[in-house]
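Structure record follows, encoded as structure tokens.
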There are 2 protein chains.
Amino acid sequence: MNDAITHFKVPMNEGSACLGPDGSVAHVGRVLGMLSGRWKLPILFRLFASPSMRSSQFLREMSSISQKVLTQHLRDVEADGLVERRDFHEQPPHVEYRLTRAGHELMPVLLAVREYSRSHPTAGQG
Amino acid sequence: MNDAITHFKVPMNEGSACLGPDGSVAHVGRVLGMLSGRWKLPILFRLFASPSMRSSQFLREMSSISQKVLTQHLRDVEADGLVERRDFHEQPPHVEYRLTRAGHELMPVLLAVREYSRSHPTAGQG
DNA sequence: CAGCATCCCTCTGGATACTG
DNA sequence: CAGTATCCAGAGGGATGCTG
């Protein structure tokens with residue numbers, strides 16, 4: 001049930017606001033915050049693989065996610081400008097989700113993170 | 001009290017294990033997991049700025065962090081191979097923390113994330 | 001100074017039921 | 001099909017007190 005938990009938070013006050021060159025902590029923290037949520041990554045990558053996705057499709061492919069959480073996460077990434085929600089106003093309901101430009105541009109960054117991970121299986125312990 | 005929360009988790013099972021080219025979700029999730037924790041970033045960046053840091057110094061500079069959490073996070077990043085703990089076995093106690101090679105190598109990635117953030121103030125909503 | 005143990009509170013996520 | 005409202009359980013973080 002708990003695959004890989006990751007609780008992340010950021011202060012961005014303290015002296016931390018000036019930690020990096022100009023607020024690296026705050027910036028990185030914001031992005032990590034947008035990725036916070038058990039299914040944010042799966043959702044983003046799925047959208048990266050498919051031009052558009054429907055709620056039911058997400059539910060079907062990520063079988064263990066609840067609809068409430070899916071909607072919640074979808075709303076989050078939408079609010080963060082990563083995903084765009086398009087309602088076709090049909091009956092029965094037809095809604096599609098797509099990556100926005102910002103969402104697409106985030107992928108290279110995530111892939112860079114992935115490369116880091118691949119280069120450091122156990123974090124590099126060296 | 002709550003500056004920027006970020007709850008993040010990853011499934012890495014489901015079909016999600018194959019989401020990206022070969023498990024992008026799992027890889028990215030792992031890294032984000034290592035950065036999960038309200039003070040992980042501040043700690044890492046502080047260490048990036050200073051060759052070494054002592055507990056008391058962290059406590060002093062990140063005034064609102066509790067010692068319990070500091071130790072907890074320090075243990076986490078140490079376990080993840082990002083930070084190295086060096087005990088001088090002195091009296092009074094003298095312990096120093098430094099970024100490991102893996103820790104240093106993570107920084108460029110974090111800076112890339114920061115750049116993304118700088119380029120997308122509101123996530124780019126375009 | 002560095003670290004551990006305890007109690008408590010909040011946030012997030014999951015299960016379920018219901019609406020349009 | 002898409003989404004909302006409740007209730008509930010678990011993880012993480014904060015405050016405080018104590019040890020070597």
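All values below come from the heavy atoms of this structure, side chains included, with hydrogens, waters and symmetry mates left out. Below, chains carry the letters A, B, ... as their sequence lines are ordered, and counting in each starts from 1.
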Distance below 4.0 Å between A:Trp39 side-chain N/O and C:dG14 OP1 or OP2: yes
Taking atom P of C:dC1 as reference, at what distance in whole Å does atom NE2 of B:His94 sit? 12 Å
Any donor-acceptor pair under 3.5 Å from A:Arg114 side chain to B:Gly29 backbone: no
Applying a 4.0 Å non-hydrogen cut-off, can you work out what B:Phe58 is touching in the nucleic acid: base, sugar-phosphate, or nothing? nothing
How long is the line joining CD of A:Gln57 and C1' of D:dA2, in whole Å? 14 Å
Would you say D:dA2 has OP1 or OP2 under 4.0 Å from some side-chain N or O of A:Arg54? yes
Atom CD of B:Gln91 and atom C1' of C:dC1 are separated, to the nearest Å, by 8 Å
Taking B:Tyr116 for its side chain and A:Ala102 for its backbone only, find out whether a donor-acceptor pair lies under 3.5 Å. yes
Is it the case that the side chain of A:Ser117 and the backbone of B:Val28 share a donor-acceptor pair, with hydrogens and angles ignored and the cut-off at 3.5 Å? no
In whole angstroms, how far is the P atom of D:dA2 from the CZ atom of A:Arg75? 11 Å
On DNA chain C, compare the nucleotides closest to B:Glu96 and A:Pro93; which residue's is nearer the 5' end? B:Glu96
How close or far is atom P of C:dA15 from atom CD of A:Gln72, stated in whole angstroms? 16 Å
Please report the distance, rounded to the nearest Å, between CG in B:Leu41 and P in D:dG13. 13 Å
To the nearest angstrom, how far is B:Leu59 atom CG from D:dT16 atom P? 14 Å
Please work out if A:His89 contacts a base, only the sugar-phosphate, or nothing of the nucleic acid, heavy-atom cut-off 4.0 Å. nothing
Any side-chain N or O of A:Ser56 below 4.0 angstrom from OP1/OP2 of D:dA2? yes
Contact under 4.0 Å: B:His73 side-chain N or O vs D:dG13 OP1/OP2: yes
Which of the following nucleotides, D:dG13, C:dG13, C:dC4, is nearest to the side chain of B:Gln67? C:dC4
Of the nucleotides C:dA2, C:dA15, C:dC4, which one has an atom closest to the side chain of B:Val95? C:dA2
Protein-nucleotide distance (A:Ile65, atom CD1; D:dA2, atom C1'), rounded to Å: 14 Å
Donor-acceptor check, side chain of B:Arg30 to backbone of A:Pro121, threshold 3.5 angstrom: yes or no? yes
Between the main-chain N or O of B:Gly103 and the side-chain N or O of B:Thr100, is there a donor-acceptor pair closer than 3.5 Å? yes
